[in-house]
Amino acid sequence: MDLTREEVAILAGDEGPGPRLALELLCEFGEIFGARRLIPIASVHTAGHLGSLHQAGLDLLERFVSLGARYRVPTTINPSSLGCERCEPFTPPPGYVEKQERLHRLHEILGVTPNWSCTPYFEHPPAFGEAVAWIESHAISLVNSYFGARTERLAIGIDVPAAILGRFPEFGLYLPENRVPRILIDLVGFERMDLLDYDSVGYLVGLLARDQIPYIRGLPARSTFDQIRSLGAAAAASGAVPLYHAEGLTAEVKRGAIRVDPARLAERHTVTRADLEAVEERLTTTAAEVDLVIVGCPHLSIDQMQDLARRMSGRTCAETLPLWIYTSSRIKEECRKDGTLALLEAAGAWVLTGTCAVTSPVRHSPFKTVMTNSAKAANVLPAEHGLGVVYASLERCLRTAIAGRRA
Amino acid sequence: MRRLLLGGRRIMGGRARGPALVTTQPFMFAHGIEPATGLINFEKHELRGRSIAGTVMALPFGVGSSSGAVWFLEAVRQGTHPVALVVDRVDPLIATAVLLARRLYDVVIPCVERPGATETLAAGRFASLEVDGDEGNVYSVG
């Protein structure tokens with residue numbers, strides 16, 4: 001790889017052993033992927049949940065801390081395995097809490113922005129064309145698709161040296177020639193869509209696209225940020241879709257940075273309303289009674305929190321069936337100020353921050369069957385945590401929480 | 001007896017041999033292995049119930065959560081990792097895993113990339129394999 005004079009100096013140890021190790025790793029990584037140089041990145045989104053990091057993840061952070069390294073660019077962090085509040089349903093194995101707390105401490109020493117949320121774009125939204133280096137599949141999808149910024153799909157582990165240097169090898173999706181759609185997906189009959197439709201369509205897009213970049217036609221022109229967010233989250237969960245283009249909606253198409261002639265895309269698929277039923281059936285894994293309702297994967301936006309409060313107005317959750325709403329501490333604070341939080345708590349819902357449906361140790365809890373309106377959570381919970389899932393619309397989730405049994 | 005089966009691109013140098021563990025199905029390390037034992041518990045996968053420990057593992061590429069590399073690394077920490085890897089296509093999970101294994105634990109896991117390698121190795125039903133990462137070669141042994 002071609003290194004700048006500054007990078008050569010870092011390799012020689014001019015900035016200490018931490019940056020040198022980080023640069024050695026990024027150079028080795030870049031050479032594997034044929035990168036010709038490192039490029040500056042504006043931000044990093046990293047991970048810090050023990051459930052997936054294990055002692056090995058701690059060892060990596062300990063090493064960089066012992067070498068005196070610090071994060072050089074704004075670095076946010078995904079949800080933890082244990083939030084700061086209301087962890088009582090979980091009974092993790094011995095040592096788990098102490099290790100998770102050590103993970104928090106190590107990231108703090110390195111200089112993380114402690115958002116503990118999958119929504120780094122609410123902390124530092126990327127600019128069009130800007131390079132960043134993020135983990136978290138749905139956030140990556142938003143970076144590339146909605147914001148028109150650029151990130152590869154990072155593996156946890158290589159994110160830490162990226163944050164320490166503020167650089168990343170230029171390959172894959174950092175290069176315009178690799179951002180061109182290869183397959184066409186036509187949605188037929190989707191002039192009006194509710195939120196669950198976006199999840200289900202996204203889930204199908206992921207299955208059809210696999211790891212190819214799709215060009216999607218037929219989404220409503222007035223689709224909101226949150227709806228686009230849900231679609232991308234589902235597509236990134238069922239497939240490996242770090243970037244999709246959608247006619248009239250996504251950034252590079254709107255700005256003319258990507259010009260697509262759909263007639264020239266050889267692989268073509270059509271999705272109709274009838275296909276959605278199969279998704280709903282596939283994601284529901286059990287006929288058993290529900291013992292937990294989860295909303296907020298990805299973490300809810302302020303608009304979604306306010307919408308929930310309106311829907312819950314005058315209704316109360318059954319005491320026997322918890323309704324957990326996941327969001328970031330930033331959004332929760334906004335909800336505290338505008339009264340949304342008081343309304344939701346009065347209705348009996350729990351508003352949880354710092355952790356999430358996917359990263360918390362639900363395997364070590366009494367819960368067996370979860371209802372959720374998130375295709376991403378529905379995809380992950382059975383595979384990673386052995387839970388039964390009922391996939392249902394937001395309204396059906398709320399009716400279930402209120403009735404205290406599966407609605 | 002050592003017989004050359006295929007040549008490819010060096011991802012990580014070094015040489016190691018072990019029992020063959022070959023799959024043509026993409027593999028998920030995150031939640032797909034039990035790092036304490038090396039046991040594969042990836043539901044619906046053809047290798048479910050087998051162990052990655054001490055094997056020469058051939059897989060098309062890694063899939064699933066971005067945490068796959070640290071799951072692999074935890075297996076390295078506990079000594080239940082494959083001693084060498086052969087992949088059809090290298091992906092960030094595999095690359096991160098072998099680079100960090102060497103830097104963090106001084107464990108060198110030779111790794112070779114060759115399109116179509118898993119089909120070739122699956123068809124041969126070899127008992128034991130050797131990977132020479134420096135040459136980029138994969139041999140059958142025994």
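Here the structure is a predicted model, which is why all the values come from computation and not from measurement. Throughout, protein chains are lettered first and strands after them, A, B, ... in sequence-line order, and every chain is numbered starting at 1.
Only the side chain of B:Tyr105 has a heavy atom closer than 4.5 Å to any heavy atom of chain A. Only the side chain of A:Asp211 comes within less than 4.5 Å of a heavy atom in chain B; its backbone stays farther off. Residue A:Leu21 touches chain B through its side chain alone, counting heavy-atom pairs closer than 4.5 Å. For chain A, the nearby part of B:Arg77 is the side chain; its heavy atoms alone come within less than 4.5 Å. Heavy atoms of A:Ser137 lying under 4.5 Å from chain B are absent altogether. For chain A, no part of B:Asn41 is nearby; none of its heavy atoms comes within less than 4.5 Å. With a 4.5 angstrom heavy-atom cutoff, B:Arg10 does not touch chain A via any of its atoms.
Options B:Leu99, B:Ile11, B:Leu73 differ in how many heavy-atom pairs under 4.5 Å they form with chain A, and the most are formed by B:Leu99. In terms of non-hydrogen atom pairs under 4.5 Å with chain B, the most contact-rich of A:Arg153, A:Glu24, A:Glu152 is A:Glu24. Ranked by non-hydrogen atom pairs under 4.5 Å with chain B, the options A:Leu60, A:Ile135, A:Leu53 are led by A:Leu60. For chain A, the option among B:Met12, B:Met28, B:Arg103 with the highest count of heavy-atom pairs below 4.5 Å is B:Arg103.
Of the possible polar contacts, one joining the A:Arg63 side chain to the B:Leu104 backbone as a donor-acceptor pair under 3.5 Å is found. Remark: side-chain polar atoms of B:Arg9 are paired, donor with acceptor, to backbone N or O of A:Ile32 under 3.5 angstrom.
Of all heavy-atom pairs spanning A:Phe33 and B:Pro92, the tightest one is CZ-N, 3.5 Å. When all heavy atoms of A:Ser52 and B:Trp71 are compared, the pair lying nearest together is OG-NE1, 3.3 Å.
Note that the OG atom of B:Ser66 and the CD atom of A:Glu136 stand 7.5 Å from one another [nearest 0.5 Å].
B:Glu74 and A:His54 share no side-chain donor-acceptor pair at under 3.5 Å.
More than 12 heavy atoms of other residues, nucleotides or ligands sit less than 6.0 Å from atom CZ of B:Arg48. Heavy atoms from other residues, nucleotides or ligands lying under 6.0 Å from CZ of A:Arg282 number 12 at most. No more than 12 heavy atoms of other residues, nucleotides or ligands lie within 6.0 Å of CD in B:Glu119, so this atom counts as exposed by the packing criterion.
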### Query
Is there a side-chain contact (heavy atoms from CB on, under 4.5 Å) between A:Gln55 and B:Gln78 once you walk through the steps?
CA-CA 10 Å; A:Gln55 183 62 44; B:Gln78 303 209 29; over 6 Å; no

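With respect to B:Leu100, the side-chain contact (heavy atoms from CB on, under 4.5 Å) criterion is satisfied by exactly one of A:Ile158, A:Leu25, A:Asp59, A:Val160: A:Leu25. Just one residue in the list B:Leu93, B:Thr96, B:Val70 forms a side-chain contact (heavy atoms from CB on, under 4.5 Å) with A:Ile156, and that residue is B:Val70.
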